[in-house]
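Before any comments, here is the structure.
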Amino acid sequence: MVVGVMGAMPEEIDPILKRLENVKKHEVADNVYYTAFYGSLDLVVAYSKIGKVFSALTAATMIEKFGVQKMLFSGVAGAISPALHIGDLVAATKLCQHDLDITAFGHPYGYVPEGKVYVEADPRLLEIAASVAYKQGVKLKRGIIATGDQFVADAERKAWIGQTFNADALEMEGASVAVVCDALGVPFFVLRAISDAADMDAGFDFDAFLQSSAVKSADFIFMILDEL
Ligand SMILES: Nc1ncnc2c(CN3C[C@H](CCSCCOCCO)[C@@H](O)C3)c[nH]c12
């Protein structure tokens, strides 16, 4: 089975790549895709670069050019829910785009015609994640993740996103990966470890915790890969 493991930044996939052997590099569509065997799995690993457009391109390339059959996203996120603290893992039950706005025409935030506000993650992959978390004694929360093309470092913006979408965490790539995978019929799972609280300290906390939180997410991704 061909499994895609995506991140947005190098720091999010470095902890993945360093645990793989005989990694091959492929330059496709202005990006670098790494392939390697992991047990019985063929892995395709890449960071997309930041934001919804780059992550959509990488997800589509992984599926269309590399034949990815399941997509796992590993990375960091800003916390919205007060129950989420730096280092905590959160798996997306569904994802939305908080900066998609044609409300001037009476549509809800995050909605465009023929689209949907939320895209649901694969229940089977969520079930595997919950089972792995239980067996390994890892605290794994599940929640709604809101995606937008902005680094949120403002308590008011964060609160608006939380209230408008009932979101628990926010980032810049998950919902676009979800739309691509949903459209192309590929089960997907988005895992994030909290790096900051999307408030006035977010920039400082992000710099301080990006690496350690990215490792936490990557380590759990390997626990899921071991079950696939
Ligand atoms: N509060 C927050 N708001 C939005 N997203 C996040 C995320 C999740 N990822 C991290 C990264 C931030 C890109 S800006 C830093 C770029 O530095 C590059 C070096 O200058 C982007 O890929 C989204 C963590 N905290 C967030």
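Counting starts at 1 for both ligands and their atoms, following the listed order.
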| said: Checking one residue: Met200. Which other hydrophobic residues are in its cluster under the side-chain 4.5 Å linking rule? | reply: none
| Taking any residue with a non-hydrogen atom under 4.0 angstrom from an atom of ligand 1, which ones do you get? | Ala8, Met9, Ile50, Val76, Ala77, Gly78, Gln150, Phe151, Val152, Leu170, Glu171, Met172, Glu173, Arg192, Ser195, Asp196, Ala198, Phe206
| What do the steps show when you test Leu140 against Phe220 for side chain to side chain contact (heavy atoms under 4.5 Å, CB included), and what is the final call? | CA-CA 9 Å; Leu140 174 68; Phe220 193 80; 3.9 Å; yes
| Any side-chain heavy atom of Glu227 sitting closer than 4.5 Å to one from Leu225? | no
| request: Say whether Asn31 and Ser48, considering side chains only, have a donor N or O and an acceptor N or O under 3.5 Å apart. | output: no
| Contact list for residues 52-81, test salt bridge (Lys or Arg N to Asp or Glu O under 4.0 Å), sequence neighbours left out | Lys52-Asp99
| request: State which residues pass salt bridge (Lys or Arg N to Asp or Glu O under 4.0 Å) with Lys139; sequence neighbours excluded, sorted by chain then number. | output: Asp88
